[in-house]
> 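This is the structure, below, for whatever I ask next.
Only heavy atoms go into these numbers, but all of them, side chains included; no hydrogens, no water, no symmetry mates.
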Amino acid sequence: MPSPLLISLVSCLVAVNQASLIGRCDLAKVLHQEDLNGFEGYSLTDWLCLAFVESDFNITKVNENTDGSFDYGIFQINSHYWCNDYQSHTENNCQVDCQELLSPNLLAIINCAKKIVSGAGGMKNCLDLVTWLHSAVGMEAIKQHKHGCHETLSP
């Protein structure tokens with residue numbers, strides 16, 4: 001029989017692991033409130049798809065790239081160009097610490113993402129994502145990401 005301490009520890013670890021994930025409808029609501037629906041021509045569905053493809057809705061995801069830079073947060077924003085990780089050379093175009101992009105309130109990462117898509121190329125800088133978005137599999141996945149979220153998008 002497992003001890004109560006072991007059960008408590010496992011429960012805490014599961015809760016911590018799940019704490020970094022945001023539900024798609026919760027994310028849709030935040031993105032909608034921050035006026036991302038239609039921002040620079042990208043729909044709410046595009047933003048949800050980006051979050052799914054890049055991080056599987058994991059707010060605290062960090063990925064190391066082969067060039068030594070890191071990608072941060074739900075949109076996997078790169079440290080070489082967009083944020084300061086204090087580990088590698090950075091242009092820090094968003095003028096933000098990379099750790100701020102992992103915040104559960106999402107404001108820092110949303111503001112940086114707005115800056116990125118406002119520049120030349122926008123989301124099209126993610127060629128694999130754009131190709132996936134226009135594939136039959138991508139289009140079906142996009143519909144599913146927003147499906148059932150309409151009630152959370154009401155004012």
> Rounded to the nearest 0.5 Å, what separation is found between the CZ atom of Phe70 and the SG atom of Cys83?
10.5 Å
> Pairs under 3.5 angstrom only: tabulate donor-acceptor contacts from the side chains of residues 110-117 to other protein residues two or more places apart or in another chain.
from: Asn111; atom 1: ND2; to: Leu107; atom 2: O; distance (Å): 3.2
from: Lys114; atom 1: NZ; to: Glu34; atom 2: O; distance (Å): 2.9
from: Lys115; atom 1: NZ; to: Asn93; atom 2: O; distance (Å): 3.0

> In Å and rounded to the nearest 0.5 Å, what is the CG to CZ distance from Leu31 to Arg24?
13.0 Å
> Would Asp67 and Ser69 count as having a side-chain donor-acceptor pair, cut-off 3.5 Å?
yes
> Can you list the steps and then say if Asn58 with Ile74 is a side-chain contact (heavy atoms from CB on, under 4.5 Å)?
CA-CA 5 Å; Asn58 184 344; Ile74 199 157; over 6 Å; no
> Is the Trp82 to Tyr72 ring centre distance short of 6.0 Å?
no
> Extract all donor-acceptor atom pairs below 3.5 Å that involve side chains of residues 97-104 and protein atoms in other chains or at least two apart in sequence.
from: Asp97; atom 1: OD1; to: Tyr86; atom 2: OH; distance (Å): 2.6
from: Ser103; atom 1: OG; to: Asn105; atom 2: N; distance (Å): 3.3
from: Ser103; atom 1: OG; to: Asn105; atom 2: OD1; distance (Å): 3.4

> I'd like to check the side chain to side chain donor-acceptor pair (under 3.5 Å) partners of Asn84; sequence neighbours left out, ordered by chain and number.
none
> If you round to the nearest 0.5 Å, how far is CZ of Phe57 from CD1 of Ile22?
9.0 Å
> Just how far is it from atom CG of Leu27 to atom CG of Leu21, taken to the nearest 0.5 Å?
11.5 Å
> Quick one: pull up CG in Leu44 and NE2 in His32 and give me the separation to the nearest 0.5 Å.
7.5 Å
> Compare all side-chain heavy atoms of Phe75 with those of Glu54 and state whether any distance is below 4.5 angstrom.
no
> Using a 3.5 Å distance criterion without hydrogens, assess whether the side chain of Gln76 forms a donor-acceptor pair with backbone atoms of Lys61.
yes
